[in-house]
Amino acid sequence: MAHLLQTSFLPSSPCLRANPDRSSSSTSSPMVQISRRRSKTGGVVQAKIREIFMPALSSTMTEGKIVSWVKSEGEKLAKGESVVVVESDKADMDVETFYDGYLAAIMVEEGGVAAVGSAIALLAETEDEIEAARSKAAGSSSSASSSPAAASTAADPIPAEITAPPAASAPIAVTPVAKLASAVHPASDGGKRVVASPYAKKLAKELKVDLAAIAGSGPLGRIVAKDVEAAAAAPAPLAATTAAPPPAASPNVELGTVVPFTTMQGAVSRNMLESLSVPTFRVGYTITTDALDALYKKIKSKGVTMTALLAKATALALAKHPVVNSSCRDGNSFTYNSSINIAVAVAIDGGLITPVLQDADKSDIYSMSRKWKELVDKARAKQLQPHEYNTGTFTLSNLGMFGVDRFDAILPPGTGAIMAVGASQPTAVGTKDGRIGIKNQMQVNVTADHRVIYGADLAAFLQTLSKIIEDPKDLTF
Amino acid sequence: MQASLSLSVSNPAAIPRSGHGFESSLPFPSKPVNLRFCGLRREALGFSSTSSSSSSSSSSISAYRSNRNAARSKKVWASLGGDNGSSSSAPKSFDYDLIIIGAGVGGHGAALHAVEKGLKTAIVEGDVVGGTCVNRGCVPSKALLAVSGRMRELQNEHHLKALGLQVSAASYDRQGVADHANNLATKIRSNLTNSMKALGVDILTGFGTVLGPQKVKVGKDTVVTAKDIIIATGSVPFVPKGIEVDGKTVITSDHALKLESIPDWIAIVGSGYIGLEFSDVYTALGSEVTFVEALDQLMPGFDPEIGKLAQRVLINPRKIDYHTGVFATKITPAKDGKPVTIELIDAKTKEPKETLEVDAALIATGRAPFTNGLGLENINVATQRGFIPVDERMRVIDSNGDRVPHLFCIGDANGKMMLAHAASAQGISVVEQLTGRDHVLNHLSIPAACFTHPEISMVGLTEPQAREKAELEGFEVAVAKTSFKANTKALAENEGEGLAKLIYRPDNGEILGVHIFGLHAADLIHEASNAIALGTRIQDLKLAVHAHPTLSEVLDELFKSAKVSF
């Protein structure tokens, strides 16, 4: 740069923020309209939290898109400074603030659209008021985001049976933490520093993923983009809130409103879009569950859940068909995963999470059931650790408890296959000896990545699975 | 000749020859890369000048031949008017009318113009013809940027989809890309060499050293004399101390242009033109980039508004992050399985801030003049941070503040404006003076461009500079802007992102500066730079007609939107 500065005609220290041009009417930047509201506390201390409105940049403008926030939350603003860039029908305009203060809360994120005159951010006059402003913003946005959580077809509610109280409630030995991608980055000062590539950092900010909680898989253990995406794919445990489970969303939904995605919905949306890049196909199978139902009835009192039985059966079938438990990440190679970790989709407030039963082929059905109970409790409390929700190698999604008899699941990126399980119901079937009888049957439908898993692979896997379920003696020892 | 030759020489003392260590130093006109704006003029045979209408190469050659014969016939032309007081050691008869030290773009431009004006001309080159621009700068970098531009388009599915195109995964072959850059440089270099040879410019191979007034040593022991000497030795990449360049993982633009590797993560130290263009190349080819910038904001040197927009388009959406307000005090290349480490300190407090670990680092902190071993001590010239001091007519100033007779310096070596086409323009200006026509180059009319996608270009003052000047001189400044979003051609290309900005005097319609960010900005700027050079006022430009639909209409609309008060 030095040379540039020496040239006579280039500026030596341009001042970005200076708004040099307010006198010239043709070009002066628009100012944000800010409304001033006193806090309800009234009293001597006048907390001044102002709303920053979407300005009308032209006479025809009805809504504006936030191109970028020049300032970030918590930053100090001086009167006349650019705060936000808004796209109008003609051009992008910098919008300035009329007041000094702190940008307390951004209510419309970059890329968002807001009607002219609606609040896009809150401006606090002093640092102390930032918190108040934030909670105010949070209040308004959380009420807005209580829309139906089922943003994707994979959003499955918690299977009903998990609520059955397990007999053994004794503390459970924690299963060894799944082997994470790598140890600490040699350069990370024993974990004090996070080494992440520029794009990974950008993504983490966008997806609101905490880099410190991610293990890197890049060169020398650095965090790269796919690590962040993987972490976001399984929605991050939101800061443990003590809030009681919120009431069902439907009564609170205000019809006709546009609701921005929550972080989790954003992550789900992103993952769903990403799944479009994987060529998937589906194979279905009808499995008779009379024997399984009988087994379940027998051992239910010991705390065994149907979810655990299905996971166990699936894991045993996967052990015989390792290709169905493989995954393709880069399009050039695929990995036979060393352990069989069954992820089970569970709907939680505001989204969906996939707790993982590690090494499901090796653990016995009773400890798996206890583990499942523990995972579900943690999921509800939003306290799952990343390895408890993002290490799945095969996913189960069960909508049977709603009476759904068959459906189709979207393959989560980074895994090879997902199985959609329908309800088991009495069905009239013709038997080989020419009679008609009633059997309990359920339909399963596996979605798989055809780059690595072919039709015959799935067919063989399903055949094995049906044999296991129809003769479930192997599940219990 | 009048102005240029009527020099009063105050220090005529004979200067002893002395040994100078130029052999040991870097090869002549550069090791460098002048990535910025290289408008390589006259790389083909035919060139046109303001004074002659020759448009075909054959006519200019024949014109030259007759001139050259004329020049030969008067070899003693030399000591005319201005020589009265000059050094007695200067010979009365010279081998050449003009010797140019350095065959970069500046020297080449000067040589061609000199031949056209009938001067017997030699050019001294210690390395390869073409200098930085052709070999390690603008030319190969444009080849890489052409590739990165296409990659960007092919990878932008959203953009392609909007056009109705479907392209399956685009990929590239690194060696193929590198070869394209290298082949282009070779081709341009041979064009340049041929153009000079064809016109009869003598190319003297060897390092040039100024022995004394009007005397140059070429190589080890050849001494040639000339009535006038132009120094055009250019520059090399500037590497701040503490940074160890190994050419593999810690590199300068010289190495980067060879594209020997494409690191996953590269830190670029310096976010000026060079850094910005390389970030465009690297991110298009799949690297992630971290900028390290000593100033408080990225892209210093650009008009702030343009810089802000450019950051929004060229930095924020790409796989780039940055550290501003920091110096890289120590950079250690990767070895023994360890990554490249970059130690950062706060630019103001000097407190250590952070250590980065990356796969590679590109040092793009600017360029340093290449003036070592030129023999400047023989003529009592002291460089200022390596730059050779000159006046507005490129005449070299010695350490007493007096002009050195018959000695000029153009291009990066004088540091006035480190652009290839500026060097060439300065060379032409010098030749104009030598051949009897006083000429002072208006540097404010020299355009500059950064060839990112989209491009950035500028001419004249930035808005803060214009306002500062206006305050001092007491005039009013106004600004007009137009967006590429309103331009049909830009929208047809689906490239509506862009802004053109005009800074002007509403009282008389004078253009003070024009800045463009958008599709083909580098090509669009010349309407404005020509207007500044020729003194055309906005009120006249408003009446000019532009073809529809073209990107040029962006400027048409810009001029029309200016409010001139008469």
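Protein chains get the first letters and strands the later ones, always in sequence-line order, with residue 1 at the start of each. Excluded from the calculations below are hydrogen atoms, water molecules and symmetry mates; all remaining heavy atoms, backbone and side chain alike, are included.
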For this session: For the pair A:Arg222 and B:Asp359, find out whether any cationic side-chain nitrogen is under 4.0 Å from an anionic carboxylate oxygen.
Result: yes

For this session: Name the region of B:Ser561, side chain, backbone, both or neither, that has any atom closer than 4.5 Å to a heavy atom of chain A.
Result: neither

Problem set entry | Neighbour count above 12 (heavy atom, 6.0 Å) for B:Glu343 CD | yes

Seminar exercise, completed: Taking every heavy atom of A:Lys202 against every heavy atom of B:Pro317, the minimum-distance pair comes out as NZ-N, 4.4 Å

Problem set entry | Closest heavy-atom pair and its distance - A:Ser68, B:Arg312 | OG-CD, 3.3 Å

Exercise. Partners of A:Ser72 by side chain to side chain donor-acceptor pair (under 3.5 Å), sequence neighbours excluded?
Worked result: A:Glu75

Exercise. Any idea which heavy atoms bring B:Ile320 and A:Pro198 closest together, and the distance?
Worked result: C-CB, 4.0 Å

For this session: Taking atom CD of A:Glu109 as the centre, report whether more than 12 heavy atoms of other residues, nucleotides or ligands fall under 6.0 Å from it.
Result: yes

For this session: Please look at B:Asp296 and chain A and tell me whether the side chain, the backbone, both or neither of the residue comes under 4.5 angstrom of a heavy atom of that chain.
Result: neither

Exercise. Quick one: does A:Tyr199's side chain get under 4.5 Å of B:Val289's, heavy atoms only?
Worked result: no

Exercise. What residues form a side-chain contact (heavy atoms from CB on, under 4.5 Å) with B:Thr249, not counting sequence neighbours?
Worked result: B:Asp246, B:Pro333, B:Ala334, B:Val340

For this session: List the steps and the verdict of side chain to side chain contact (heavy atoms under 4.5 Å, CB included) for B:Lys308 and A:Ser82.
Result: CA-CA 11 Å; B:Lys308 221 189 304 180; A:Ser82 292; 3.7 Å; yes

Exercise. Considering residues, nucleotides and ligands other than A:Glu110, do more than 12 of their heavy atoms fall under 6.0 Å from its CD?
Worked result: yes

